[in-house]
There are 2 protein chains.
Amino acid sequence: MTSLRDVAERAQVAISTVSAALNGTRPVAAETKRRIELAAAELGYRPNLLARGLVSKRTRILALLYPTPHSGFGLTEMQFATGAAEAAGEQGYHLLLSPENADPVEELRYLTGLGLIDGVLLMEVRLDDERTEFLMEAGIPFSMIGRTRNPEAISYADIDFTQTAQNAVAHVAALGHRKLAFFNHSPDAYSAQYGPTIRTGEEFAAATRRAGVEYVGDFCADSAEEGREAFDRLVAEHPDVTALAVISDPAAVGVIAAAAARGWRIPQDLTLILVLSSARVAEMFHPRLTTLEPPSGELGRLGARMLIDRLQADGDDPPQQRLVPCRLVVGDSSGPPPAPGERDDRTIDRTGT
Amino acid sequence: MTSLRDVAERAQVAISTVSAALNGTRPVAAETKRRIELAAAELGYRPNLLARGLVSKRTRILALLYPTPHSGFGLTEMQFATGAAEAAGEQGYHLLLSPENADPVEELRYLTGLGLIDGVLLMEVRLDDERTEFLMEAGIPFSMIGRTRNPEAISYADIDFTQTAQNAVAHVAALGHRKLAFFNHSPDAYSAQYGPTIRTGEEFAAATRRAGVEYVGDFCADSAEEGREAFDRLVAEHPDVTALAVISDPAAVGVIAAAAARGWRIPQDLTLILVLSSARVAEMFHPRLTTLEPPSGELGRLGARMLIDRLQADGDDPPQQRLVPCRLVVGDSSGPPPAPGERDDRTIDRTGT
DNA sequence: TTGAAAGCGCTAACAG
DNA sequence: CTGTTAGCGCTTTCAA
């Protein structure tokens, strides 16, 4: 490992001069600088981050904290991580992957006590998240992918649920639908605190109201079986529903099966859209589902960038907050609603076809 | 940030004694040790990793290198990463996520030059991988998830393709199938060098041979469209095929559509299995596909553990090499083959049903 | 414009 | 058994 000293010797200058020349921290004569740069290049010099960090207190390492997620990791989470890693890399930062154990705050205390990281990127943020309180109190720079209930003072990048719901409703309304149902996650201990679950539900309600579209929002389903059941109940209670948005991929599988069992075709008899799911998943379905794809990679990038900005800004400028809507990817599951009464006669049992 | 010095002062001993007591690097009187530990606990002391690393040359940080993958990141890759991060965490190590840019070797040279990391975990290893050569020459400890063509001297964790293919063939043969087709990735510039693509193909060929099952291996498909075409050609050329294994998820979508268009039911008329795909993906299909699920998380864990073992072992013990077969998850797409001639008559065009 | 020197927090000889 | 000392490689005063 070649060090500053080696370079200094080769260029016949003092160590501090080399440091200055390479970092531009103070003026260095052009000729001297040239010699130094040459020497450094010849020796393949790389600054030692540990030494630098030890004195400067800045390591250019960010930690990405993620709870071992409740329902296994999806593409979405991966894209947060890779997006963040990329953005960090572009700015000369590194990303440390930190799985959280049972006690996230303890984990954070440990991690930040190491002196290894400059800041923290929080994933899977809940409406009330104890991690944010710890970080605020400890004065550790951080930003969130997602947001708490009251994120005023904190930088975050999150999905623009308002706009997303509005786009979805507009899409459906433009096709002529007058009544939309939404299958949310079931409000278990986790979802009850999980932003996307809560916010999507609320915003769908609001967006349909604004658009004058009738709304059915009190169903939930997380598995194929639940999707199937919910769908059957939905049709029983609301036979005039023509459009359905589903947040859980497995639930959509059940819905499709239940619809088929009823003899309903998609999209002729039912418009089905997937919410917060990647287009890659939507393509696994037949027909290819219309989907509202979360901008995961971008959120990761934004989160990292905000954090880095905050680290670079010596003073404390106001927190950055960015909301990005999902991308509406129209598949083959969106269509105009059936004419009234048109589909009721097709209740043949096709099981086994 | 409380330092060793603070602890030393509070416990009324020398700094080196504190270090020794806390690390057990040399005998310390029980009473002294107790005092030191108390002081450390009271002050909430955490060793500074940078300082420690600077002198000990060991940071307990591993880098996970991943090329920006050719077809977007899948669940599989994420699971490598999280598995590795977990295993690392358990051993007191940290995982740095390092996206590779255009020039992976240059990236590696930079990364390792930083003095920040103790070792490297390689993902997406190709049969000839220039990164391994660099690392070997540079003497940097590393291990691979996947393996090169001749990985003799290197530690790795990879899928046991032989066993995986054998299990798949056994499954199909036990159901009574006598002829199996396999749709591989198309041999583009990437796949031509990519281990799983090559090895899965080879091992399917070998396993069918051993099992006395007829084999069709010269088809490939990476998209739904290609899957559809390949399937039509397959049936034209081999009307007696009753079982099909597909490596690409989107291709399976095409196969299912093409089969349905032909009036073939799954599994009655065709047994379809997904190779190297997660059960979560397989569940998106209808019927739920039988799948050979790669042990991604475990491979990540193993890779990390091997690397750490190698770092801990001062001497150089032989490289560890582990092969883990995919898990066969039987879904609703496996069944006995149709009786000869049984399905030929159903070639009604059902498009629009 | 440059050099010398101090010190970041820690480990590892070496004395005592 | 414990304290003193010398660095690890770097940044950063402070003098020259």
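Not measured: the values here are computed from a predicted model.
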Which heavy atom in [X] sits nearest to a heavy atom in [Y], and how many Å separate them?
X	Y	result
B:R149	B:D128	NH2-OD2, 2.7 Å
B:L121	B:A84	CD2-CB, 3.6 Å
B:P151	B:Q321	O-NE2, 3.0 Å

Quiz item: What distance do A:H94 atom NE2 and B:S98 atom OG have between them, rounded to the nearest 0.5 Å?
Solution: 6.5 Å

Self-check item: B:I154 side, atom CD1; B:T148 side, atom OG1 - distance, nearest 0.5 Å
Solution: 5.0 Å

Quiz item: Using 4.0 Å as the upper bound for N to carboxylate O, is an ion pair formed by A:R131 and A:E107?
Solution: no

Quiz item: Hey, where on DNA chain D does chain B first and last touch, going 5' to 3'? Cut-off is any atom under 4.0 Å from a heavy atom.
Solution: D:dC1 to D:dG9

I need the [atom1]-[atom2] distance between [X] and [N], as an integer number of Å.
X	N	atom1	atom2	value
B:R46	C:dC10	CZ	P	13 Å
A:N48	C:dC10	CG	C1'	14 Å
B:R58	C:dA12	CZ	P	11 Å
B:K57	C:dA12	NZ	C1'	13 Å
A:L114	C:dG9	CG	P	14 Å

Quiz item: Is any side-chain heavy atom of A:Y66 closer than 4.5 Å to a side-chain heavy atom of B:T82?
Solution: yes

Quiz item: Less than 4.5 Å apart, any side-chain heavy atom of A:I140 and any of A:V120?
Solution: yes

Quiz item: At what angle, to 10 degrees, do the two end axes of the helix from C:dT1-D:dA16 to C:dG16-D:dC1 meet, given five pairs define each axis?
Solution: 40°

Short side-chain to backbone donor-acceptor contact, [X] and [Y], under 3.5 Å:
X	Y	answer
B:S56	B:R52	yes
A:D118	A:R60	yes
A:R35	A:A11	yes

Exercise. For B:S3, answer base if it contacts any base atom (sugar-phosphate contacts may also be present), sugar-phosphate if it contacts only those atoms, and nothing otherwise; contact means non-hydrogen atoms under 4.0 Å.
Key: sugar-phosphate

Quiz prompt | Strand-adjacent residues in residues 19-37 of chain B, judged by heavy atoms under 4.0 Å from DNA chain C | solution = B:S19, B:N23, B:R26

Quiz prompt | B:V55 vs B:I15, nearer the 5' end of DNA chain D by closest nucleotide | solution = B:I15

